[in-house]
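Encoded as structure tokens, the structure appears first; notes follow it.
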Protein chains: 2
Amino acid sequence: MATGSRVTRPRSSVWLSERKAPKRKGDQQPVGLDHVKIIAATVRLLDAEGLAGFSMRRLAADLGVTAMSVYWYVETKDHLLELALDAVMGEMALPSEAVQPAEQLEHLPTEPRDWREQLRQLTSEYRKLLVRHPWLSPLLGEYFNIGPNAMAFSNAAQRVMRNSGLPDDKITSALSLVYQFVYGFSTIEGRFSALCRTLGVTQDELLQEVMSSVEERPEFDESRKTMEASRGQTVEETRNREFTIALDFAIAGIEALRDAP
Amino acid sequence: MATGSRVTRPRSSVWLSERKAPKRKGDQQPVGLDHVKIIAATVRLLDAEGLAGFSMRRLAADLGVTAMSVYWYVETKDHLLELALDAVMGEMALPSEAVQPAEQLEHLPTEPRDWREQLRQLTSEYRKLLVRHPWLSPLLGEYFNIGPNAMAFSNAAQRVMRNSGLPDDKITSALSLVYQFVYGFSTIEGRFSALCRTLGVTQDELLQEVMSSVEERPEFDESRKTMEASRGQTVEETRNREFTIALDFAIAGIEALRDAP
DNA sequence: ACCTGAACACCGTTCAAGT
DNA sequence: ACCTGAACACCGTTCAAGT
């Protein structure tokens, strides 16, 4: 949770309030800051130091400016984080079949791919995004995620799922199953890889270390059995395999209940 | 993220370090605090004020004690939160079929239920827990979750999934699919209901309000279509239905790929 | 053994003031 | 219009001191 709010309270989104003073009239020379620069610096700092390492004062220092200057452009820290969230949401390549007609530059006569391929692309993009920006996960849980890029992603996801032929009243369930899985899975993956980067060890080394510090405990029995199955594989191989199979389960389930309800 | 650590760094778990001074020798009169009291007060405060409203100073005030007294019993705020996490993880009723033999008081000659029933019980317990304690979700993402109660839950989950007859090398995928879904779904549910409690409105009222403030936006088109399907139902009905169907998808997928790999 | 008080190095944010 | 400086009300935690 952002530390700015002591108590959970009605917090309106940036996207539901007027943006602060982004207008710069005519050909007047910009002196230093602006929205784009601030958001870029925010994302850079979040990538480098993590959510806990980010502060308004630290950001201002990075921008070579006094602590309070940023507040001219941005109402609160929360609003800034919402803007950063939506900015990186725009990094995903959405499947062309799921982009609304109005957004498509031209109608290519290519055969639309299988919905399962579209789903695999979209989930893979989402996964990579969450791993690339580990600070994104907690923010997605914190805000409404109704910025333009977040909405474009959400719309694409809904269109892809609609392409499965599932009846309308089961779309949200299928979407929820798939995207909550990808979110949780990728959040863990991102945290683990960030931790390794910080510690300066490989993922396989850290896994070894964690294993050996827990393995003598008797309660660990069940997990040991489970992990025997992935012996001899790297962490990355195991994870990719696990991700693919889990998605296969979801797709198989959706098709099974679609075809025989 | 806990605000205590500026930067992500190697943070050992409470469960991997010696516990702090819980020993009280003989019949000496306890003066005031102890682990149990502190953890109980922590959970109470977290339930009442949320994670953002919790602070060591606030906790101390609740306990009628100076800010630093708690540090005699607990090393850091993070350790305390880990203890609170494991404490509430013990609130779940684990399916008897998934409790290890040593833990069972006696072997009742009852027929073991279908693995799908066991799974539905366990996921339902997990869901209710996450909704009851909305602060739990971020903490689960933050720590290693290797306390005794967290381990018991994890072991139960693994046993249930093993009861499905799935081959060993697909167990983790199935577990991941199911539990990441329940985690994400219930996290959102818990946050929404907590927000309603704070605002003093019903869930249906808040949904109405959020809808009407976004519905004129053109990007909202796809979501409107999706939500038509649940017209005339309460938020709670819609959510329970969505949860059940998503779990049905997962179960169907697991059985489909188990029987025809 | 257990608790206190003062202090340190941080926060987000307000507000009056400068240019 | 844009930026600064000082100040306020908070944090988690250290450390020397009290009983």
Side-chain angles (χ1 to χ4, degrees), chain A residues 1-9 11 14 19-38 41-42 45 49-82 84 142, chain B residues 1-9 11 14 19-38 41-42 45 49-82 84 142:
Chain A
M1 302 228 169
T3 55
S5 50
R6 297 275 143 271
V7 133
T8 309
R9 61 155 181 257
R11 212 178 2 222
V14 224
R19 211 67 143 281
K20 230 184 154 181
K23 280 264 132 33
R24 181 159 303 106
K25 50 177 70 148
D27 45 355
Q28 206 174 307
Q29 192 74 340
V31 204
L33 301 178
D34 62 70
H35 259 106
V36 178
K37 242 188 235 173
I38 289 175
T42 300
L45 191 51
E49 313 269 8
L51 190 54
F54 178 84
S55 79
M56 296 300 273
R57 292 167 131 108
R58 180 86 169 68
L59 172 67
D62 267 32
L63 288 164
V65 104
T66 209
M68 296 304 98
S69 310
V70 185
Y71 282 95
W72 180 259
Y73 298 92
V74 127
E75 202 140 343
T76 61
K77 185 191 183 186
D78 282 296
H79 280 198
L80 179 54
L81 290 176
E82 262 188 294
E142 184 103 347
Chain B
M1 302 225 166
T3 55
S5 50
R6 294 276 145 275
V7 133
T8 310
R9 60 154 181 260
R11 210 179 3 222
V14 224
R19 209 71 141 281
K20 230 183 154 182
K23 279 264 130 34
R24 179 155 307 105
K25 49 178 70 147
D27 45 355
Q28 206 174 306
Q29 191 75 340
V31 204
L33 301 180
D34 61 69
H35 258 107
V36 178
K37 242 188 237 173
I38 289 175
T42 300
L45 191 52
E49 312 270 7
L51 190 53
F54 178 83
S55 80
M56 295 301 273
R57 293 168 132 107
R58 181 86 168 70
L59 172 67
D62 266 32
L63 287 164
V65 104
T66 209
M68 296 303 97
S69 310
V70 185
Y71 282 95
W72 179 260
Y73 298 91
V74 127
E75 202 140 344
T76 61
K77 185 191 184 186
D78 282 296
H79 280 198
L80 179 54
L81 291 176
E82 261 189 295
E142 183 103 349

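Chain naming here is simple, since letters A, B, ... match the order of the sequence lines and numbering starts at 1 in each. These numbers come from a predicted model, not from an experiment.
Rounded to whole Å, the distance from NZ on A:Lys77 to P on C:dC10 is 15 Å. For the pair A:Met56 CE and D:dC11 C1', the computed distance is 17 Å after rounding to whole Å. Here the P atom of nucleotide D:dC2 and the CG atom of A:Leu63 are 16 Å apart, to the nearest Å. Rounded to an integer number of Å, the gap from B:Leu59 CG to D:dC10 C1' is 16 Å. In this structure, B:Leu81 atom CG and D:dC11 atom C1' are separated by 14 Å, rounded to whole Å. If you measure from atom CD of A:Glu75 to atom P of C:dG12, you get 16 Å, rounded to the nearest angstrom. One atom, OH of A:Tyr73, and another, C1' of D:dC3, lie 9 Å apart when rounded to the nearest Å. To the nearest angstrom, P of C:dC11 lies 13 Å from CG of A:Leu51.
Nearest nucleotide to the side chain of A:Ser69, out of C:dG12, C:dT4, D:dT4: D:dT4. Looking at the side chain of B:Trp72, the nearest of the listed nucleotides C:dC2, D:dG12, D:dT4 is C:dC2. The A:Val65 side chain lies nearest to D:dT4 when the options are D:dT4, C:dG12, D:dG12. Closest approach to the A:Met68 side chain among C:dA1, D:dT13, C:dT14 is made by C:dT14 (side chain taken as heavy atoms from C-beta onward). Among C:dA1, D:dC3, D:dG12, the nucleotide with an atom closest to any side-chain atom of B:Tyr71 is D:dG12.
Helical stems involving DNA chain C, defined as 3 or more consecutive Watson-Crick or G-U pairs under 3.5 Å, span C:4-8 with D:12-16, C:12-16 with D:4-8.
A:Glu142 has its side chain out of reach of A:Leu81: every pair of non-hydrogen atoms, C-beta onward, lies at least 4.5 Å apart. Using a 4.5 Å heavy-atom threshold, the side chains of A:Glu82 and A:Asp78 count as separate.
Distances shown here put a side-chain N or O of A:Ser55 below 4.0 Å from the OP1 or OP2 atom of C:dC11.
A distance of 3.5 Å separates CG in A:Leu80 from OG1 in A:Thr42, rounded to the nearest 0.5 Å. Separating the CG atom in A:Leu59 from the CD atom in A:Glu49 is a distance of 11.5 Å, to the nearest 0.5 Å.
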Task: Worked verdict on B:Val65 versus B:Trp72 for side chain to side chain contact (heavy atoms under 4.5 Å, CB included) - done: CA-CA 12 Å; B:Val65 104; B:Trp72 179 260; over 6 Å; no
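A distance-only check finds no donor-acceptor pair linking the side chain of B:Thr66 to the backbone of B:Ser69 [under 3.5 Å].
Residue-to-nucleotide proximity on DNA chain D shows that, of A:Arg57 and A:Ala67, the 5′-proximal contact is made by A:Ala67.
The two atoms that bring B:Arg57 and B:Ala67 nearest to each other are CG-CB, 4.0 Å, heavy atoms only.
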